[in-house]
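Nothing here was measured: the structure is a model prediction, and the numbers come from that model. Order of the sequence lines sets the chain letters (A, B, ...), proteins ahead of strands, with each chain counted from 1.
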Protein chains: 2
Amino acid sequence: MLNHKTAQIKKIVKGEILLKQGEITKYGYFVNRGCLKSYAVDNAGKEHIMQFAPENWMISDLDSFTNQVPSLVSIEAIEDSEVSLISRSDFGDFSKLEKKTLIELAIKSRNNMIATNKRIIGLLSWSSEKRYLDFTETYPTLVQRLPLKLIASYIGVTPEYLSDIRRKIAKK
Amino acid sequence: MLNHKTAQIKKIVKGEILLKQGEITKYGYFVNRGCLKSYAVDNAGKEHIMQFAPENWMISDLDSFTNQVPSLVSIEAIEDSEVSLISRSDFGDFSKLEKKTLIELAIKSRNNMIATNKRIIGLLSWSSEKRYLDFTETYPTLVQRLPLKLIASYIGVTPEYLSDIRRKIAKK
DNA sequence: GTCATTTCTTAAGGTATCTTATTTTTAATT
DNA sequence: AATTAAAAATAAGATACCTTAAGAAATGAC
C-alpha cells in the first residue's frame, strides 16, 4: 500500500520508545520485523494496551498523526524490531494518492474498523474470560509470543486476574 | 458522499427494528431525521450500545454488510426517523466508486477511527465517571436528547450506577 | 552454570460496580 | 386532566475484579 521500498527504515531494540503519550507525532510506523505496542498510562500509572503491531501491521496515534494534536498513547518496541517510517508528506493528504492506493486503503480501513468494533462489543458485553478466549482465537500466534501481562492489559484485566482466569479454564 | 438523493428512503417509528442480531444485513442506513442505535444483547439479556446515529450519521453492522456474516448487533429507531438505504450494489465494491468519493470516504473513515480508538482507550483506562463526563463533552446534544439508561449502556455501566455517578458529580 | 531479573502463580482482603427491589418523578396515552 | 407506562433515584446486599504481598518458575546476563 505504502511505498515501503523507498521509505526510511529504522531499527529499534526491545524497550525503545518511538512516541511518548502527550507528544505530537510526525510518523506512522509499518512493522517489517519484530513487534510494537501502543498504550495509554492512566492516572494511577497503570498501562493499558491499545494495539499490538507484529510484522506487516501499521501502528500510530492516528489523531496525533493526522491533526497534530498530543498523542493519547505511547508506542514502544516489545521485541527488537525494524520499522518503515510513514510521514505526513507521503500520506497525510489523501488527494495526492492514486485511486488504486485509495481503494487498498479503504479495504484495510474497513477491516480494521470491523476488528475494532468487535473489540468494543467485547469490552462492553463479554466477560473477561470470554474476551481472553476470543483473543486466543483471533491472535493465536500472539498468545505464544507475548507475555501474559501484556495480553491482560489488552483485554482489560490485571495480570493476576488473568492468571486466575487461565487456572479456571484449565480446571474444566 | 453517497448518493442520498436517489437512494431509497424509509420512514420508521420509534422502537422499530431494522436489523436483528444474528441476521445478515443487506443495507447500511444514513439517518436523514431522528435517531437510531445499534446494540448487542449479552447472555444475561442485557443490552449494550455500540453506536448512536442521529441526523447525518451512518449506521450498520459493517462486518455483516461487507462479508455477509451474521450481525453482532441489532439496529433500532429510538425516535421516529427517516433513513436512506445504502445497498451493497451501490457501495459494496470500492473500485466502482469515483476517486472523489473514495477521498471523502477515507476522511470519514479516519475520523470515525479516531473517535473509536478514543472510546477503546476510555473503556480500558478511564473511570466510569470520566467516561460519562467525556460523553457529555463529546455529544452535548445527545445528553439532552437521550434517556439516561441509553447513555449508561453506551459508556458501559448500569443505569442505577450512572444515576449514582450523576449524584456524586452534582454534590461537588 | 550461576546469579539476577522478570514473569507467573497463588491467596487474602478491599473496592467499584452490579443486582434486586422499592419509591419518586417524568412522559405518554386516552 | 386522569390514567398508565416508562424513566430515574435511592438503598442494601452480592460479586467480579483489583490491590497488595509473597513465593515459584522461567528467562536472560555475565
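- One interatomic measurement links the two molecules: CG of B:L148 to P of C:dT24, which rounds to 19 Å at whole-angstrom precision.
- Put simply, CD on A:E129 is 17 Å from P on D:dT15, counting in whole angstrom units.
- Atom pair B:L150:CG and D:dA8:C1' shows a separation of 13 Å (rounding to whole Å applied).
- Between B:I165 atom CD1 and C:dC18 atom C1' there is a gap of 12 Å when expressed in whole angstrom units.
- A:T158 has no side-chain polar atom (N or O) that falls below the 4.0 Å cut-off from OP1 or OP2 of D:dT19.
- In this structure, the separation between CG on A:D63 and NZ on B:K118 is 8.0 Å, given to the nearest 0.5 Å.
- Here the CD1-OH distance, from B:I169 to B:Y132, works out to 6.0 Å after rounding to the nearest 0.5 Å.
- Summarising the geometry, atom CG belonging to A:D134 is positioned 6.0 Å from atom CD belonging to A:E137; distances are rounded to the nearest 0.5 Å.
- Listed nucleotides D:dC17, C:dC18, C:dT7 differ in distance to A:P147; the shortest reach to its side chain belongs to C:dT7.
- The structure places OG1 of B:T66 at 6.5 Å from CZ of B:F94, a figure rounded to the nearest 0.5 Å.
- When distances run from any side-chain atom of A:R131 to the nucleotides D:dC17, C:dT17, D:dA7, the shortest one goes to D:dC17.
- Rounding to whole angstrom units, CZ of residue B:R145 and P of C:dT26 are separated by 22 Å.
- Of the candidate nucleotides C:dT17, C:dT9, C:dT10, C:dT10 has the atom nearest to the side chain of A:D164.
- A residue-by-residue look at A:Y161 and B:K14 shows that A:Y161 has its nearest nucleotide of DNA chain C further toward the 5' end.
- Note: NZ (B:K149) to P (C:dA27) measures 15 Å, nearest angstrom.
- Between B:S128 and C:dA16 there is no side-chain N or O to OP1 or OP2 distance below 4.0 Å.
- Atom pair A:I155:CD1 and D:dC18:C1' shows a separation of 14 Å (rounding to whole Å applied).
- For B:K46, a side-chain nitrogen or oxygen approaches OP1 or OP2 of C:dT19 to under 4.0 Å.
- Straight-line distance from the CZ atom of B:R166 to the C1' atom of C:dT26: 13 Å, rounded to whole Å.
- Using cut-offs of 30° and 60° on the angle between ring planes, the pair B:F52 and B:Y154 is parallel.
- Checking D:dA7, D:dT10, C:dT10 against every side-chain atom of A:E160, the shortest atom distance belongs to C:dT10.
- The side chain of A:R167 sits closest to C:dT10 out of C:dT10, C:dA16, D:dT10.
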